[in-house]
Number of protein chains: 2
Amino acid sequence: MAADQPRVLLVEDEPAQREVLVYNLKAEGFAVSCAVNGEDALLLVQEEMPDVIVLDWMMPRLSGIEVCRRLKIKPETRGIPVIMLSARSEEVDRVRGLETGADDYVVKPYSVLELMARVRAQLRRVRPATSGQVLTYDDIVLDGESHKVTRAEQELKLGPTEFRLLGTFMEKPGRVWSREQLLDRVWGRDIFVDTRTVDVHVGRLRKALTMSGGLDPVRTVRGAGYSLG
Amino acid sequence: MAADQPRVLLVEDEPAQREVLVYNLKAEGFAVSCAVNGEDALLLVQEEMPDVIVLDWMMPRLSGIEVCRRLKIKPETRGIPVIMLSARSEEVDRVRGLETGADDYVVKPYSVLELMARVRAQLRRVRPATSGQVLTYDDIVLDGESHKVTRAEQELKLGPTEFRLLGTFMEKPGRVWSREQLLDRVWGRDIFVDTRTVDVHVGRLRKALTMSGGLDPVRTVRGAGYSLG
DNA sequence: TAAAACTGTTACGTAACTGTCACAAAAGCA
DNA sequence: TGCTTTTGTGACAGTTACGTAACAGTTTTA
């Protein structure tokens, strides 16, 4: 599995909830670690240095709010975004009032989709622009930081959408993405765009990638979507 | 031809409600199956493996919450998103609903449009990767994520229907599927296609699988259907 | 400000895939 | 054995999904 998967630490004491969230987070392609209480959470944070923390409000012993407070005190963990899960909206207000420093909070009952979106949103913040890292596939190199793409040492000119599209593909080479998933990822949720638009942009990406002679690395999977390689 | 319709399982004991939802879900292009109580629901889930479940909270015998809990325990059904419908709006219930592992929650009275949107949203998440897993049978490997099928290390070229057909077979090797069941599963419900069409596609699948020398792994069960192995 | 770049949609050509049929082959049955 | 039923399969016409050029509207850049 990709060594540079985003790491998510989930802190939740209720087993059923935890299971579901773990399942979904993994399906999103995150590396998930779990803590079932506050102490474990603090230890695991040290050990794993996750990119984002999903933290339940109500927990035995050390409450989520306290965990969050402690994390935000230490300089080395302060930068990790914390998403709080809270059962009641009033308490969320209190959270806000107390300034625990949570970066986002989601009120139960939440939609899992929504929570995933928030996690991704926080990750984008921390690892800017599709993980400020450098992704490589074959002779294609995508530099998230400088926003530049090269193929065989040669720089390609991509529009913003093509860049994000390629970034998504390169996150998981070989994985087939449906048009809907790509719309979700590249265009953003709740956007009303025809699915065929994806085809057009894939076409443009292909053109850019093959401009100076390379083979087309984008695979069309009829009836399913597209993938890289 | 709307092959490959998403399958929705609706679990609702109240007839009027059920009618409305079935009507709307079908209008959206989903294949709908119904259960009127918890036990039926659990059985149907096994049989139909729906892509998403819409589950009423209050039901005789086995409550929605209990059905959901059980589904989320089993690994093979855990991945199916569950949308809970509840008549009560008190927060306690909402929270408990999610704690059982429901993926989304809609409070009655809801807007049908909203419910449809939620169903679609959940589907977008799981659909093409219905089985993001890798299935293996003998020297045949089907990778749901990359949509690739290999036999003896060699990649096979399958059309979408053959791919789904093989996927269905490989989910439960040895199980005999009737032509009707396969039409349901692979083509989608409410589709008017001659049952003999199944034969043709099985033939095509066989040809692809034996192209480079292997034995035919598909067994014909006269008078009953087909199975893998 | 104009020019350039980018976007989403449409329309149309094409290649791939689909479903049906007809007939051949096989399997069951008496 | 002959007769009936079921299955295998090549051929073919119809359909669908995809690739892409063109275009108009919008945003960004100079």
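Numbered from 1 within each chain, the chains take letters A, B, ... in sequence-line order.
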Between D:dA17 (C1') and A:Arg219 (CZ): distance, integer Å: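 Going from A:Arg219 (CZ) to D:dA17 (C1'), I get 16 Å.
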
A:Trp187 CH2 to C:dT9 P, straight-line distance once rounded to whole Å: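 Going from CH2 in A:Trp187 over to P in C:dT9 covers 10 Å.
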
C:dA4 OP1/OP2 closer than 4.0 Å to side-chain N/O of A:Lys157: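 It does not, given that no N or O in the side chain of A:Lys157 lies less than 4.0 Å from OP1 or OP2 of C:dA4.
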
Step-by-step side chain to side chain contact (heavy atoms under 4.5 Å, CB included) determination, B:Leu166 to B:Met170: CA-CA 6 Å; B:Leu166 179 59; B:Met170 290 184 74; 3.7 Å; yes

side-chain contact (heavy atoms from CB on, under 4.5 Å) partners for B:Thr168, two or more places apart: B:Trp177, B:Leu182, B:Arg185, B:Val186

Nearest to side-chain heavy atoms of A:Val193, which nucleotide of C:dT7, C:dG8, C:dC17: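 Nearest nucleotide to the side chain: C:dG8.
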
Terminal helix-axis angle for the helix from C:dT1-D:dA30 to C:dA30-D:dT1, with five pairs defining each axis and rounding to 10 degrees: 30°

Pair B:Lys148 + B:Asp143: basic N to acidic O under 4.0 Å: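 B:Asp143 and B:Lys148: not salt-bridged.
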
Set of side chain to side chain donor-acceptor pair (under 3.5 Å) partners for B:Thr197, sequence neighbours left out: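 If we apply the side chain to side chain donor-acceptor pair (under 3.5 Å) test to B:Thr197, skipping adjacent residues, there are no hits.
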
All ring-ring contact (aromatic ring centres under 6.0 Å, His included) counterparts of A:Tyr226, not counting sequence neighbours: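 A:Tyr226: no ring-ring contact (aromatic ring centres under 6.0 Å, His included) contacts found.
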
Annotated protein contacts, base or backbone, on nucleotides 20-30 of chain D with a non-hydrogen cut-off under 4.0 Å, one of B, S, - each: BSB--------

Pairs meeting criterion salt bridge (charged side-chain N to carboxylate O under 4.0 Å, His left out) with involvement of residues 197-214 of chain A, two or more places apart: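 Qualifying pairs, neighbours excluded: A:Arg179-A:Asp199, A:Arg196-A:Asp199, A:Arg206-A:Asp216.
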
Pair of N/O donor and acceptor under 3.5 Å linking D:dT7 base with B:Arg222 side chain: no

